Structure formats: C-alpha cells, structure tokens
Protein chains: 2
Amino acid sequence: MSIKERKERDRQEMQKNILEVASKMFLEEGYDKTSIRNIAEKIEYSSGTIYQYFKDKDDIFLTIHRQAFDKLFAEFIQLNDIEDCVEKLYRLGYIYIKFALDNPQLYDLMFIMHAPMNALKDDLWDCGHSSFDFLYDLVNECIEKKRIKMHDTQATTMLIWGFVHGLVSLHIRNRYKMIDPERVEPTIFQALDEMMEAIKSPLTPEGGTKIQI
Amino acid sequence: MSIKERKERDRQEMQKNILEVASKMFLEEGYDKTSIRNIAEKIEYSSGTIYQYFKDKDDIFLTIHRQAFDKLFAEFIQLNDIEDCVEKLYRLGYIYIKFALDNPQLYDLMFIMHAPMNALKDDLWDCGHSSFDFLYDLVNECIEKKRIKMHDTQATTMLIWGFVHGLVSLHIRNRYKMIDPERVEPTIFQALDEMMEAIKSPLTPEGGTKIQI
DNA sequence: TGGATAATTAAACAGTGTTCAATATTTTTG
DNA sequence: CAAAAATATTGAACACTGTTTAATTATCCA
C-alpha cells in the first residue's frame with residue numbers, strides 16, 4: 001500500500017508546487033499575464049502536465065482564491081475574545097484594511113479580479129459566506145444593543161463592507177492619484193476612525209466605551 | 001484647403017467609428033476579450049489600419065476612459081442648483097450609485113478595470129480630478145457649516161467616495177452572492193440612506209432640513 | 001523480464017497584440 | 001491628362017496565449 005500512499009503524496013506535492021508558483025505569478029503579474037507555459041517552465045515540467053493536476057487555469061485560480069479566504073477568516077476569528085461589540089466592529093474594519101494593504105495582490109484576487117466568473121459563482125458563496133456571516137452577526141449585535149445608529153442589519157452590513165472595500169480597492173487599483181501617496185494609507189485609517197465615530201450611538205449605556213486604537 | 005479639411009474630417013470619422021465599436025466591445029466582453037482583429041473586422045478594415053488611428057490598444061482604452069469621466073462629471077454639475085449642502089451630498093451619492101448601476105461596464109472601465117496602468121497614470125489625474133474636487137469642496141462645505149459630524153475633509157472625502165465605490169463595485173464584480181439578487185440594488189440605496197442619516201449632525205441650525213428622496 | 005498502467009511530452013489548433021514591407025489609393029505637380 | 005509623390009491600407013510574419021491529444025517515456029505488478 002505504500003506505493004499508492006507515496007503516489008498520493010507526490011501528487012499533492014506537485015499540486016502544492018504548482019499552486020505556490022502560480023500564486024506568486026498571479027500576484028506579481030496578474031491573472032492574464034500569467035501563462036500556463038510560464039508556470040510549467042518554472043516548475044520544470046511541460047505545459048501539458050499542469051492539466052494533469054488542474055482542470056484548467058481557472059481551477060488553479062479558484063484554489064488560491066479559497067485559500068486566501070481561509071487566511072482572512074482566520075484573522076477574523078481572533079477577534080472573538082473582544083466582548084465589546086463596537087470595539088470588535090472597529091477592530092474588524094482595522095484588520096480587514098490591514099489585510100488588504102499588507103496583501104494587496106491577494107486582496108485583488110479575492111475581491112476585485114474578474115477572471116473566472118463561470119466557476120467563481122458557487123465558489124464565492126462558500127468562501128465569502130463565513131466572513132460575511134461574521135460581519136452580519138456582529139452588526140446585528142451592535143444594532144440590537146443600540147450601540148450604532150443604524151436600523152437595518154442587511155443594509156448596514158453592506159454599508160460597512162462596502163465602505164472598507166471601497167477605501168482599499170480604490171487604493172489597490174491606483175485611483176487615489178489626486179492624493180499625496182505618502183498620505184493615502186494614513187488617511188484610509190483616519191477615514192475608518194471618522195466612520196466609527198460617526199455611526200456609534202451617542203448614548204453609551206455602560207459608561208462610555210471609548211475605542212482604543 | 002478643403003481637401004485637407006475633408007481628410008481631417010474623414011480621420012475623425014474613422015476615429016469615432018473605431019471608438020464606438022471598441023467601446024461597445026469593451027463594455028460587452030471586457031478589455032481582454034476584445035481583440036484588435038475583432039474591432040477591425042467590425043469596422044470592415046484590416047487590423048493594421050487601427051494602428052494608423054491609435055497608438056495601441058491602451059490608447060483606445062484611455063480615450064474611452066476620458067470620455068466616460070466627462071459623462072459622469074456632466075451629471076455632477078447639474079447638482080449645482082441645490083443650495084443645501086447635505087442634500088447636495090446625498091444627491092451626489094445617489095447620482096454616483098445610479099450612474100454605476102446604469103452603466104456597470106462603463107463604471108468598471110473607469111474605476112475597477114486594470115488594463116493599461118502604464119499610461120493610466122497621468123490620465124487618471126486629469127480625469128478624476130475635477131470630480132474629486134467637486135466632492136472635496138462639497139465635503140469641505142458640509143464640515144465647515146458643521147452639517148456633518150466629521151472633522152477632516154480629506155479623510156471624509158475618501159470615506160464617502162470609498163463608501164459609494166465599495167457598494168457598487170462589490171455588486172459589479174459579483175461579490176454579493178450571499179444576498180438575494182432582487183434585494184441587492186434596493187439595499188445599496190438603503191445603505192446610502194442609513195449612511196447619510198448617521199453622518200449628518202443632529203443639530204440642524206436652520207430648522208431641520210430633512211432629506212427628501 | 002513482460003505487460004499493463006500511469007505520467008509526461010511535443011506538436012497542433014485557434015486565438016492574441018503588434019510590426020512592416022508591399023500594395024492600392026489619392027493628391028499634387030508637370 | 002499623365003506621371004510622380006504622398007498617403008492609406010493590407011496581409012503576412014513574429015512571438016505570444018490556453019487547451020487538446022497522440023505518441024512517448026517511466027513506473028509498477030505479476
């Protein structure tokens with residue numbers, strides 16, 4: 001039986017290898033400019049071999065896509081020991097933005113890139129859902145406890161996600177050309193602060209929980 | 001001199017023709033899936049001819065890009081007869097979102113697409129600047145009159161732009177898979193309402209200017 | 001060692017952006 | 001009007017792309 005096990009190991013090894021190389025190339029050069037031939041060349045196999053391990057180019061993309069979501073969600077879960085929901089919301093925004101700024105190409109691949117919509121359709125549901133639910137539940141808690149001024153959970157979830165996504169994606173796609181490059185990232189975090197200040201309820205039931213940065 | 005004039009007319013005619021066809025194809029199929037050969041075929045010329053009128057594929061893209069910004073800015077200017085700055089801000093957000101939802105592919109091309117970053121760099125400055133200034137000045141007015149709760153104009157401009165951009169771009173790039181498709185667009189507008197309610201100052205100097213939708 | 005099985009390859013197909021020598025058209029000049 | 005100069009257009013060529021497939025090579029089991 002050990003031959004079969006070794007074969008399976010070899011197979012996974014190869015798959016991991018392809019993913020690592022492809023990932024690096026996707027993030028460095030973008031989806032379109034990364035060719036199967038280039039990936040094959042880098043792993044020192046012919047291009048046809050790739051198709052033994054992945055259905056097509058999209059399949060490679062989707063695998064990386066899924067892994068990236070796991071990585072982000074793992075950061076979210078760490079927030080669970082914060083009990084104050086508004087601070088948790090702030091920290092969530094902070095982590096989201098930080099993740100995007102630290103991994104711009106990965107973020108691009110997750111939320112902006114527009115590569116394989118054919119297959120992405122089901123995949124995104126699985127991937128984004130746990131993160132979306134995490135935000136949704138948190139927003140719901142904030143609204144129920146009247147800690148933020150909003151009323152509708154769905155709209156507010158969208159509002160907050162849209163807000164942080166907008167901030168970082170305009171940056172990633174280089175649309176802040178009218179702002180001093182040095183000031184862009186600080187201003188993004190400043191915008192998050194202003195936002196949080198604006199949306200939280202003025203009435204603080206348990207004696208004013210000020211958000212610490 | 002009329003021969004030269006006619007030649008110039010013909011040239012512009014041809015250029016317009018190419019732009020119209022290319023624009024339609026970019027918006028329908030995307031930048032990458034639109035080929036010079038296809039454009040040439042549609043205007044019934046050979047592919048080489050295109051290069052007589054445009055430097056390269058990016059040059060065509062950038063021309064359309066510029067025109068799209070003019071179109072959006074034209075819609076902004078119409079807001080100038082609204083005197084209440086907070087309502088003007090709301091209307092600006094509304095128009096921005098409406099523009100994006102009505103022209104998703106055009107919006108994509110303007111703010112999301114990631115085609116010719118080499119040449120886009122200077123172009124974007126010209127294009128986006130007038131619209132950005134429009135928003136910046138408006139936000140500044142709202143802050144100075146203490147009609148919204150924010151303090152820093154730059155951060156707030158970014159906040160608002162990021163907010164509306166995030167809302168629509170997640171939609172355009174199909175990342176709202178976890179929300180009932182029928183409800184997405186209404187919820188986007190609902191999010192805008194919640195946002196405006198949240199950021200405007202509670203103190204209304206001249207007797208409560210309620211925003212009319 | 002031989003036969004089966006699986007992995008790998010190279011060539012082929014139809015497509016891409018772009019360039020350029022050759023051809024066709026139009027304008028200017030004699 | 002005809003020849004020459006200028007301009008416009010073409011189509012083939014180049015170096016790429018993703019993907020398929022027949023042929024080859026390597027590995028495993030009896």
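Please read these numbers as outputs of a predicted model, since none were measured by experiment. Chain A is the first sequence line, chain B the second, and so forth, proteins listed ahead of strands; every chain is numbered from 1.
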How close or far is atom P of D:dA8 from atom CD of B:Gln15, stated in whole angstroms?
-> 12 Å
Give A:Phe54 one of three labels, base, sugar-phosphate or nothing, depending on what nucleic acid heavy atoms sit under 4.0 Å from its own.
-> nothing
Rounded to whole angstrom units, what separation is found between the CZ atom of B:Arg11 and the P atom of C:dT26?
-> 17 Å
For the base of C:dG15, is there a side-chain donor-acceptor partner from B:Arg37 under 3.5 Å away?
-> no
Any side-chain N or O of A:Asn38 under 4.0 Å from OP1/OP2 of D:dT17?
-> yes
Under 4.0 Å between a side-chain N or O of A:Ser46 and OP1 or OP2 of C:dA10?
-> no
Salt bridge check: are B:Arg37 and B:Glu41 linked by an N-O gap of less than 4.0 Å?
-> no
Just by distance, with hydrogens left out, do A:Tyr31 and A:Asp58 show a side-chain donor and acceptor under 3.5 Å apart?
-> yes
How close or far is atom P of D:dG11 from atom CD of B:Glu44, stated in whole angstroms?
-> 13 Å
Counting any heavy atom closer than 4.0 Å, what does B:Thr49 reach on the DNA or RNA strands: base, sugar-phosphate only, or nothing?
-> base
Residues in side chain to side chain contact (heavy atoms under 4.5 Å, CB included) contact with B:Glu75, at least two apart in sequence or another chain | B:Ile95, B:Phe99
Atom CD of B:Gln52 and atom C1' of C:dC20: how far apart are they, to the nearest Å?
-> 12 Å
Can you tell me if the side-chain N/O atoms of B:Tyr53 get under 4.0 Å from OP1 or OP2 in D:dT7?
-> no
Any donor-acceptor pair under 3.5 Å from B:Gln105 side chain to B:Phe26 backbone | no
More than 12 non-hydrogen atoms from neighbouring residues, nucleotides or ligands closer than 6.0 Å to NZ on A:Lys42, yes or no?
-> no
Separation of D:dT17 C1' from A:Ile50 CD1 (nearest whole Å) = 15 Å
Integer-rounded Å distance: C:dT18 P and B:Ile39 CD1 | 10 Å
To the nearest Å, give me how far apart CD (A:Glu41) and C1' (D:dG18) are.
-> 16 Å
Euclidean distance, atom OH of residue A:Tyr51 to atom C1' of C:dA7 [Å, nearest integer] | 17 Å
Base, sugar-phosphate, or nothing for A:Asp56, non-hydrogen atoms under 4.0 angstrom?
-> sugar-phosphate
